[in-house]
Amino acid sequence: ILLHVLFQLYGGTLETVSVFSTAMNKNIPALVVLPDSYKNESNKFPIIILLHGYGGNYLDWSNHTNLVDGADQFNMIIFCPDGSPNSWYLDSPIDPNSQYETFFIDELIPWIRESYRMGEIGITGLSMGGHGSLYLAIRHPELFNAVSSMSGGVDLTYSTVKWEISNKIGSFKSYPERWMENSVVNMVHLLNETDFPIFVDCGYDDFFIENNRDLHKKLIEAKIKHRYAEKPGEHNWNYWISALDDHLKFFQVNFLK
């Protein structure tokens, strides 16, 4: 099932699409931002999967910033899928309606490849989406050409009571191993054979700053090449809106190599 709703703005185009997930037996909405040049050229375009945070949805980014400008400026497709308010972009062992890793990897990315002239593919996101982008790329490095994270919740154990994580993987008391294994900060060892570019950033005053510093330290210790940045800012849209350009530029530079 595919629903297309087109909004022509100055320059690029916004499309709302719906992708059916067999794994979860439901339609998942997404916003697609096509650069203006897409309709005039026949070549492939890089695509950036841009993930929302906890409590958000596929329209979060477009509600806060002009994604068409970004798509036009960097000449890439920006794809904002819905990750449900609290999926953490993983396959839940206890909630059959929350199989988002399977959806992204086995259903969504093949659908994007069939539906658009897709070249390189990058993935990024904020907060829960920052965790999701790194989580999916580290576990499926063959699918991605670059990955980044903004203010990522890279250690699920930061809070064992907030953000409904226990609804997806069980309580920390009962299943501590699930909390450890699914935390990006504990997945660095999986990156040894991976050579795609990685960019991690976080605001100085963000409550996730120490988790991101810990990830940075582990990447250094494992000799994994990556870019790391700290800037003034908190865990809010002011930070993410200003950070987005840096991340799109990061993808553009690495895709041109």
Side-chain angles (χ1 to χ4, degrees), residues 30 45-53 61 67 70-71 74 76-81 83 87-91 100-106 108-110 112-113 118-156 181-202 206 208 211-231 239-240 243-257:
F45 282 72
I47 186 161
I48 306 303
I49 296 176
L50 181 58
L51 304 180
H52 63 77
W61 276 101
L67 295 178
F74 296 99
M76 53 181 58
I77 301 168
I78 300 175
F79 195 97
C80 300
S87 73
W88 287 85
Y89 300 99
L90 46 78
D91 281 354
Y100 279 84
E101 180 182 9
T102 292
F103 169 65
F104 271 75
I105 301 306
D106 295 342
L108 182 64
I109 291 176
I112 294 172
R113 204 179 294 280
M118 188 182 99
E120 298 96 337
I121 183 167
I123 186 167
T124 187
L126 66 89
S127 194
M128 179 182 85
H131 159 84
S133 61
L134 292 167
Y135 182 88
L136 294 171
I138 290 170
R139 288 168 61 84
H140 305 277
E142 72 285 355
L143 290 180
F144 298 97
N145 301 101
V147 59
S148 73
S149 166
M150 308 173 216
S151 315
V154 294
D155 187 348
L156 301 184
E181 290 166 4
N182 286 292
S183 289
V184 165
V185 76
N186 298 322
M187 293 164 61
V188 170
H189 64 282
L190 299 175
L191 280 166
N192 288 339
E193 303 301 316
T194 304
D195 62 358
F196 54 52
I198 301 167
F199 176 27
V200 174
D201 85 358
C202 195
D206 194 307
F208 283 149
N211 294 160
N212 280 272
R213 286 172 178 164
D214 190 26
L215 175 61
H216 174 46
K217 183 182 173 193
K218 289 187 175 185
L219 288 167
I220 291 172
E221 289 169 352
K223 296 182 169 59
I224 304 297
K225 286 190 292 186
H226 67 289
R227 177 180 162 197
Y228 178 77
E230 292 182 9
K231 293 170 290 192
Y239 185 87
W240 302 320
L244 181 59
D245 264 12
D246 291 342
H247 287 258
L248 295 181
K249 198 173 294 178
F250 158 78
F251 289 115
Q252 184 187 51
V253 166
N254 282 288
F255 290 164
L256 289 173
K257 286 181 179 177

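None of these values were measured; they are calculated from a predicted model.
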Intermediate values then yes/no, side chain to side chain contact (heavy atoms under 4.5 Å, CB included), M76 and F45: CA-CA 6 Å; M76 53 181 58; F45 282 72; 5.9 Å; no
Side chain to side chain contact (heavy atoms under 4.5 Å, CB included) assessment of F255 paired with N145: CA-CA 8 Å; F255 290 164; N145 301 101; 3.6 Å; yes
Y135 and V147: CA distance, side-chain angles, deciding distance, side chain to side chain contact (heavy atoms under 4.5 Å, CB included) verdict: CA-CA 10 Å; Y135 182 88; V147 59; over 6 Å; no
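Remark: aromatic rings of F74 and F251 are distant, center separation not under 6.0 Å. The aromatic ring centres of W88 and H131 sit less than 6.0 Å apart.
The CE atom of M118 sits 6.5 Å away from atom CD1 of I47, with the distance rounded to the nearest 0.5 Å. Note: I105 CD1 to Y100 OH = 14.5 Å, rounded to the nearest 0.5 Å. From L67, atom CG reaches atom CG of L50 across 6.5 Å, with rounding to the nearest 0.5 Å.
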For a quick test of your reading: what N or O donor-acceptor pairs under 3.5 Å do the side chains of residues 243-250 make, sequence neighbours left out?
{"from": "D246", "atom 1": "OD2", "to": "K231", "atom 2": "NZ", "distance (Å)": "3.0"}
{"from": "H247", "atom 1": "ND1", "to": "S148", "atom 2": "OG", "distance (Å)": "2.8"}
{"from": "H247", "atom 1": "NE2", "to": "D201", "atom 2": "OD2", "distance (Å)": "3.1"}

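Remark: R139 engages E101 in a side-chain hydrogen bond (donor to acceptor under 3.5 Å, both in side chains) (not counting sequence neighbours). Remark: E181 engages no residue in a side-chain hydrogen bond (donor to acceptor under 3.5 Å, both in side chains) (not counting sequence neighbours).
A heavy-atom distance below 4.5 Å is found between the side chains of E230 and R213. Between L134 and I198, the closest side-chain pair of non-hydrogen atoms falls below 4.5 Å. The shortest distance between side-chain heavy atoms of L51 and Y89 falls below 4.5 Å.
Y228 and H216 have parallel rings, their planes meeting at less than 30° on a 0 to 90° scale where 60° marks the start of perpendicular.
Within a 6.0 Å radius of CZ in R113, other residues, nucleotides and ligands contribute 12 heavy atoms or fewer.
No donor-acceptor contact under 3.5 angstrom links the side chains of D206 and Y239, judged on distance only.
Heavy atoms only, all atoms of each residue included: N211 and V154 are closest at O-CG2, 3.6 Å.
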